[in-house]
> 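Following this message is one structure expressed as structure tokens.
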Number of protein chains: 2
Amino acid sequence: MAQSEPLYQRIAAGLREQIRTGQIKAGERLPTEQDLMADHGVSRNTVRLALGMLQNEGMVTSTPGRGTIVRERIMADYHATWAESRDRRASDQADAFQSEMAEQGRHAEYRDFAMSLEVAGPDFSKRLQVAEGEPVVSRGFIRYADNQPLSLQTSYYPMDIAREAGLVVPNDVAGGAIRAMAAVGHEEIGYRDEITARMPTPDEARKLQLGSGTPVIIYARTTFSDKRPLRLTLTTFASDRNRVIYELGDMRAYLAQEDADA
Amino acid sequence: MAQSEPLYQRIAAGLREQIRTGQIKAGERLPTEQDLMADHGVSRNTVRLALGMLQNEGMVTSTPGRGTIVRERIMADYHATWAESRDRRASDQADAFQSEMAEQGRHAEYRDFAMSLEVAGPDFSKRLQVAEGEPVVSRGFIRYADNQPLSLQTSYYPMDIAREAGLVVPNDVAGGAIRAMAAVGHEEIGYRDEITARMPTPDEARKLQLGSGTPVIIYARTTFSDKRPLRLTLTTFASDRNRVIYELGDMRAYLAQEDADA
DNA sequence: CGAAATTTGTGCGTATGTATA
DNA sequence: TTATACATACGCACAAATTTC
């Protein structure tokens, strides 16, 4: 006899397979806990361990009274290569996002705009070349599409640059922060992007309305003039609703293929 | 009295705070389940719900007999901008990785190399412009550093190109697959990278030796000649051990800062 | 609209197995 | 070997949210 894996893992594997093969489709209900208890002849505790696995994998969500439902994922693309360099009209880095969502027929907006002064921790200090303990200017907001939160974004600026560019104000800057900096001689000519992922903090989970098994993508862009770092932008993406896209080099073959599809 | 959150969440929050503030450091043991039961006057079940939260957040790992321990994390950088275009000597896309790890004084290697023919699913079909159901050539391996798995990588090639370039062999190709394709007229001149994150499947978790709360970063690179897609490379990174890095534009300020640090 | 039934969430207790120190 | 500590599994009760009638 094969060394048997735990009961709850077997039950989870069975449900996972039913979802993968489409026997249970996105949006549909799984059998209730009672059903699963009866089907497998196990205690409720064991059934809940199995369902807990699927929740932690982000495959299902459970709601009291409703049941356990297979999640569906929709994807918004964040084009890192040109998100900040096209149609920069409205707000800080609030730019290509709205035009891209509009193309997809979705309503994009920014909420909870906030400006504050923060003390540079080791992270900011190193990347912005600011002494630890010095103040930096933080400007952030939340991106929404169709009333659903997509990502949290906060940009940090060295104090002297923020002052020169007129960024130390508690509201949006006409034309965007990037242009405001460029206008006073701080032009962004280099970018370093660092991307990783982790599970969200409870605060992030609340703001992004994340299901329990959904990680966040952490996207950190540091920009440079020819002399120094100008800006550190931290974006926290809900990973079930976002992809980050880079296009490099000669894309004529890709573009031709896209046209053919349309 | 504030609307009380569930007991197990309160207990988890307390432990989270002790870890964040450094009262319990990486590598150290949390109080045992028995201790936590006594401290908070709750049942073991409740204590385990709290510890389960921390595990799902990737903060701790539990081992029978040993206890529950705060995880420590090491980071390897994957330089997407030039990982495939520098020092391409050894294997398929096995290139800059080894030289970079060597610079950090770590031992890099590739294991479990495998070639197989697969039927194109909807994903491959669309991106490689191959009819669904057609065979594609798959070549994959696992990256290790200091005996620890970092990422799973599999590349898919359209059958005709793989044949021309001599990739339909169950072993490494001298000089790398990219050169082999270029040598027969299929030169990569464009790249589209798609990055997202999700929780691992049990299989991925096993191969990457992931703790239960660790997501994976899914990195999909499609490359193009001037005419058509050449290759789809799917990389699954353990998110607690990897970052993906892009450097764009003029980085002279960043490089100067790096030199100064060293 | 309100009441009842359904379904998951939280919490208790207990027992046995298994890996580690 | 023994003790410790987590893993798995059983049972029960009540609360909270949703759907159904």
Side-chain angles (χ1 to χ4, degrees), chain A residues 1-15 19 24 27-71 202 205-206 209-213, chain B residues 1-15 19 24 27-71 202 205-206 209-213:
Chain A
M1 170 168 22
Q3 151 66 6
S4 65
E5 73 184 333
L7 260 177
Y8 75 96
Q9 290 183 25
R10 283 200 69 78
I11 296 171
L15 293 169
I19 293 168
I24 310 176
E28 289 181 2
R29 275 187 25 171
L30 263 57
T32 68
E33 295 180 354
Q34 290 299 331
D35 290 343
L36 291 169
M37 286 168 69
D39 292 352
H40 297 89
V42 298
S43 74
R44 183 158 175 237
N45 218 315
T46 304
V47 165
R48 283 183 64 76
L49 281 176
L51 294 175
M53 281 194 85
L54 300 186
Q55 283 189 46
N56 290 335
E57 289 161 19
M59 301 189 72
V60 304
T61 50
S62 298
T63 326
R66 182 179 305 170
T68 300
I69 285 160
V70 179
R71 285 245 285 264
R206 187 177 48 76
Q209 294 173 27
L210 294 173
S212 94
Chain B
M1 174 164 26
Q3 152 65 4
S4 65
E5 71 184 336
L7 258 177
Y8 74 95
Q9 290 183 23
R10 283 200 67 78
I11 295 171
L15 292 169
I19 293 168
I24 310 176
E28 287 182 3
R29 272 186 28 170
L30 263 56
T32 68
E33 294 181 353
Q34 291 300 330
D35 290 343
L36 292 169
M37 287 168 69
D39 291 352
H40 298 88
V42 298
S43 75
R44 180 151 179 244
N45 218 316
T46 304
V47 164
R48 282 182 65 74
L49 282 175
L51 294 175
M53 281 194 83
L54 301 186
Q55 283 188 47
N56 290 334
E57 289 161 19
M59 300 190 73
V60 304
T61 50
S62 296
T63 326
R66 182 180 305 168
T68 300
I69 284 159
V70 179
R71 285 245 286 265
R206 187 178 48 76
Q209 295 173 26
L210 294 174
S212 94

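Here is how names work: the chains are called A, B, and so on, in the same order as the sequence lines, proteins then strands, and each is numbered from 1.
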> Quick check on DNA chain C: between B:G41 and B:G65, whose nearest nucleotide comes earlier from the 5' end?
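Of the two residues, B:G41 wins.
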
> For D:dC6, does either OP1 or OP2 sit under 4.0 Å from a side-chain N or O belonging to B:R66?
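Negative; the distance criterion is not met.
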
> What is the distance, rounded to the nearest whole Å, between atom CZ of A:R48 and atom C1' of D:dG11?
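Going from CZ in A:R48 over to C1' in D:dG11 covers 15 Å.
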
> State which of D:dA9, D:dT18, D:dC6 makes the closest approach to the side chain of A:T63.
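Out of D:dA9, D:dT18, D:dC6, the nucleotide with an atom closest to A:T63's side chain is D:dT18.
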
> Return the minimal non-hydrogen interatomic distance between A:I69 and A:R66, and the atom names on each side.
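Closest pair (atom of A:I69, atom of A:R66, distance): CD1-CD, 3.3 Å.
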
> B:I69 has an atom CD1; how far is it from atom P of D:dA5, in whole Å?
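One finds 12 Å between P of D:dA5 and CD1 of B:I69, rounded.
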
> Between B:S62 and A:T46, just flag the one whose closest nucleotide in DNA chain D comes earlier from the 5' side.
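The 5'-side residue here is B:S62.
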
> To the nearest angstrom, how far is B:L36 atom CG from D:dA5 atom P?
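Taking atom P of D:dA5 as the reference, CG of B:L36 is at 11 Å.
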
> What I want to check is whether an N or O donor and acceptor connect the side chain of B:R29 with the base of D:dA5 at under 3.5 Å.
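Side chain to base: no pair present.
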
> Write down the atom of A:T68, the atom of A:S62, and the distance for their closest heavy-atom approach.
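Scanning both residues, the minimum pair turns out to be OG1-OG, 2.8 Å.
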
> Please classify the nucleic acid contact of A:L51 as base, sugar-phosphate, or nothing, using heavy-atom distances under 4.0 Å.
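Counting heavy atoms under 4.0 Å across all strands, no contact is made by A:L51.
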
> Rounded to whole angstroms, how far apart are CZ on B:R44 and C1' on D:dA7?
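Roughly 8 Å, once rounded to whole Å.
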
> Heavy atoms under 4.0 Å, any strand shown: does A:S43 hit a base, just sugar-phosphate, or nothing?
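Contact class for A:S43: base.
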
> Looking at B:T46 and B:Y8, what are the two nearest heavy atoms and their distance?
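For B:T46 versus B:Y8, the nearest heavy atoms are O-CB, 3.5 Å.
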
> Work out which heavy atom in A:I11 is nearest to a heavy atom in A:A50; give both atom names and the distance.
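What the structure gives for the nearest pair is CG2-CB, 3.8 Å.
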
> What is the nucleic acid contact for A:L49, judged by heavy atoms within less than 4.0 Å: base, sugar-phosphate only, or nothing?
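Nothing, no nucleic acid heavy atom in range.
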
> When the distance from CE of B:M37 to C1' of D:dT4 is rounded to whole Å, what number comes out?
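Taking atom C1' of D:dT4 as the reference, CE of B:M37 is at 14 Å.
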
> Quick check for you: name the first and last nucleotides of DNA chain C, 5' to 3', having an atom under 4.0 Å from a heavy atom of chain B.
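Extent of the interface on DNA chain C: C:dT10 to C:dA21.
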
> Please determine whether a side-chain nitrogen or oxygen atom of A:Q9 lies at a distance below 4.0 Å from atom OP1 or OP2 of D:dT8.
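Answer yes for this pair, as a side-chain N or O of A:Q9 is under 4.0 Å from OP1 or OP2.
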
> Under a 4.5 Å cut-off applied to non-hydrogen side-chain atoms, are A:M59 and A:I19 in contact?
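Yes, their side chains come closer than 4.5 Å.
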
> Side-chain N or O of B:T68 versus OP1/OP2 of D:dC6: is the shortest distance under 4.0 Å?
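Yes, within the criterion.
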
> To check you understand the geometry: which heavy-atom pair defines the closest contact between B:E33 and B:L51, and what is its length?
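Heavy-atom minimum between the residues: CG-CD1, 3.7 Å.
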
> Considering all heavy atoms of both residues, which atom of A:L36 and which atom of A:V42 are nearest to each other, and what is their separation?
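Smallest heavy-atom distance, with atoms named: O-CG2, 4.5 Å.
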
